[in-house]
Amino acid sequence: MAIFKGRSFILFPNNEVSSINIFENLIKNNGGKIIEYEHDITNASPDINYGYSHIIGLVNDSYLTLNNNKYEIYENNLLLNEMDLNKRKLWEFVKKNNITLVNISSVSFWLKVKKILINQDNIITITKDPGLHLEEISTSDSCNQSTSECETDIGDIINELVKCNSGSSKNLNSNLNNADNVGEVSSSGTLHGLKNEVIPQYNNEIEEDNKSISASSLARNTNGNELLIKTLDKLSKIHTIRGDEFRSRGYKLAKISVSKYPHKIKSAKEAQEKIPHIGASIAKKIETLLKTGKLPGLEIASKLESRKEYFSSCYGIGPVTAENWDSLQINSLNEALKRFPKIFQHDWSILFGWKYYEDWNKKIPRSECVKHMQIIKEELKLLDDSIECEIQGSFRRNRALCGDIDILFYKKECDDISDLYVVLEMLAIKLYKKKYIKCFLQLSKNINLVFDNEIQTTLQKAGISNNEFRSISLTNRPKLFLGAKLSTTIPEFDTSLYTINPEIDVKLHSEDKYMSSSVQANSVSHALEEYPCRRIDFFICKWSEIGASKLHYTGSGEFNREVRKIAISKGMKLTQHGLYQNDILLESFNEKRIFDLLDIPFIEPPDRQELKF
DNA sequence: CATCTT
DNA sequence: AAGATG
């Protein structure tokens, strides 16, 4: 199908060869043209009526920020530093002629819906960078310190990783044998967001990919340092995934500098002396890289990284368990289940994390959040008209896509949590019986009554015996964690609005698929697009604590931590229950007043991503 | 104590 | 950061 016929595309930036190449091929295979050089444009004269409207600029998602629902790109951001001269010229052209810019993963979405859709959800505006400039970082003293610190540390980390994984050559071999599995995960990881950044595997596959890259793109980087550049890029990405932005940036800067260096690097000494951002530690790596052609531990490190990622992307599995399974060379949930059935029997909610693994790793469009809210509100109205509810979390922060749906319930002038919980439990059970709610993640006496069966069948499916001592909370809680799914029979269901999904899905290993809900769904019908199961949290708060509660549940988590730090620095304590000083409540009802007492200006929810004072 | 929630 | 849950 040639849905891109008559269209031309410019891809930005151009250094991320392995991921961009996928999109280049998708475009070419569907009748589109790729513009590589300025003369590609000047040769093709603009359309008399529509000018350059046949040209679309595509930007790699990792260079974008989401601001008030809209994608933005910062002019001075890494993007410019990632581009070579040809691409910079094209970038100037795009700016001058107001060429439409969209995020690159729209391409896969367009192929899915079989048409090109450009709207508020994927269009990008260019803005001035309010943050740090690369130049500032690289020339300031403080940064030089942090980069050199970074280098010694990463060396240690890699060494440790090698140590704990190459104790025997057997281990190394089993790692290599499992390359296929792990590769499957990382190659299908999403391009959007740090957590799921693709780590290209450093193996023959990549080499083959390079052969198929068009001659023009090959011509770009031929200073003979491709291996170094690729390795530095990989080191940078590993640290991004670990959440270590500083180290990641150290390697990224080194990578960019090496890319710009016009000669083939002959020795580590040469690199350290002549190229900026290369200190003793990176030089050492360059040395081994030049000598042996590879960096011991790197492949292992990235594989470990993606395996850990794979496990902890499952609800109920945290960093400790993921680390444990990782070090035991466990490659799949199924393997873990066979070795530790007790864990799954006790923490049965992991089985639902597994069942909905792929669904729960998908983002939810705002429009869908609203539909969930309608269903819940309608049912609540029948039970108790006086209880109100609002979506908090990323939805209140105005994100276009939300990770889950956080709903806060409260009742005017009511401070009795138990009272509210009773209604909420009834609400949840009714919605479960209506098959809107698919699963509960904790049990109360009443929830167990309706849900126990489902847990038992799920345990059976996993091949483990029932746990007679399943723990059931007897107290009335302030929260309920759920999985819920919109039915396709909802009248106003509209597939074209439903998913602007800028992600390549996080996928289960093939041997883990048998527990997944999507397996059954897919086998029933391919034509019928089903909604994914979504994570929904019900939270209850006292009327007197509604301000503190909203502040807490609106987040972001990072923002909360920063505000709470400020509270501490002023001798106060901030929780979801209120702002305290010496255990005396200062304020909990009025959200704005909490900001006042902390002496910070009120920050609107959309700006509560992170705080930088 | 690990995991989850923001 | 702080709290709830099993």
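Throughout, a chain's letter reflects where its sequence line sits, starting with A, and its residues are numbered from 1. Heavy-atom basis, side chains included; hydrogens, waters and symmetry copies ignored.
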Just call it for [X]: base, sugar-phosphate, or nothing, with non-hydrogen atoms closer than 4.0 Å on any strand.
X	answer
A:L551	nothing
A:D347	nothing
A:Y315	sugar-phosphate
A:R396	nothing
A:T321	sugar-phosphate

Using a strict 4.0 Å threshold on nitrogen-to-oxygen distance, state whether [X] and [Y] make a salt bridge.
X	Y	answer
A:K550	A:E591	no
A:K542	A:D416	no
A:K412	A:E388	no

(request) Could you check A:N560 against A:H577 and say which one's nearest nucleotide on DNA chain C is further toward the 5' end? (result) A:N560
(request) Let me know, please, whether A:R564 or A:S473 comes out on the 5' side of the other along DNA chain C by nearest nucleotide. (result) A:R564
Nearest-Å distance, [atom1] ([X]) to [atom2] ([N])?
X	N	atom1	atom2	value
A:L441	B:dT5	CG	P	8 Å
A:I407	B:dT5	CD1	P	14 Å
A:I405	B:dT5	CD1	P	14 Å
A:H346	B:dC1	NE2	P	16 Å
A:W348	B:dC4	CH2	P	14 Å
A:W360	B:dC4	CH2	C1'	12 Å
A:F539	B:dC4	CZ	P	14 Å
A:I594	B:dT6	CD1	C1'	14 Å

(request) Give a yes-or-no answer on whether the side chains of A:D537 and A:Y553 include a donor-acceptor pair shorter than 3.5 Å. (result)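 The criterion, which ignores hydrogens and geometry beyond distance, is not satisfied for A:Y553 and A:D537.
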(request) Could you check A:D596 against A:R593 for salt bridge (charged side-chain N to carboxylate O under 4.0 Å, His left out), going step by step and ending with a plain yes or no? (result) CA-CA 5 Å; A:D596 279 350; A:R593 189 135 183 271; 5.8 Å; no
(request) Under 4.0 Å from any heavy atom of chain A: name the first and the last nucleotide of DNA chain C that qualifies, 5' to 3'. (result) C:dA1 to C:dG6
(message) I want to know whether A:Y432 and A:F440 have ring centres closer than 6.0 Å.
(response)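 A:Y432 vs A:F440: aromatic centres under 6.0 Å.
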(request) Might you confirm whether atom NZ of A:K434 has over 12 heavy atoms from other residues, nucleotides or ligands at distances under 6.0 Å? (result)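 No, not enclosed.
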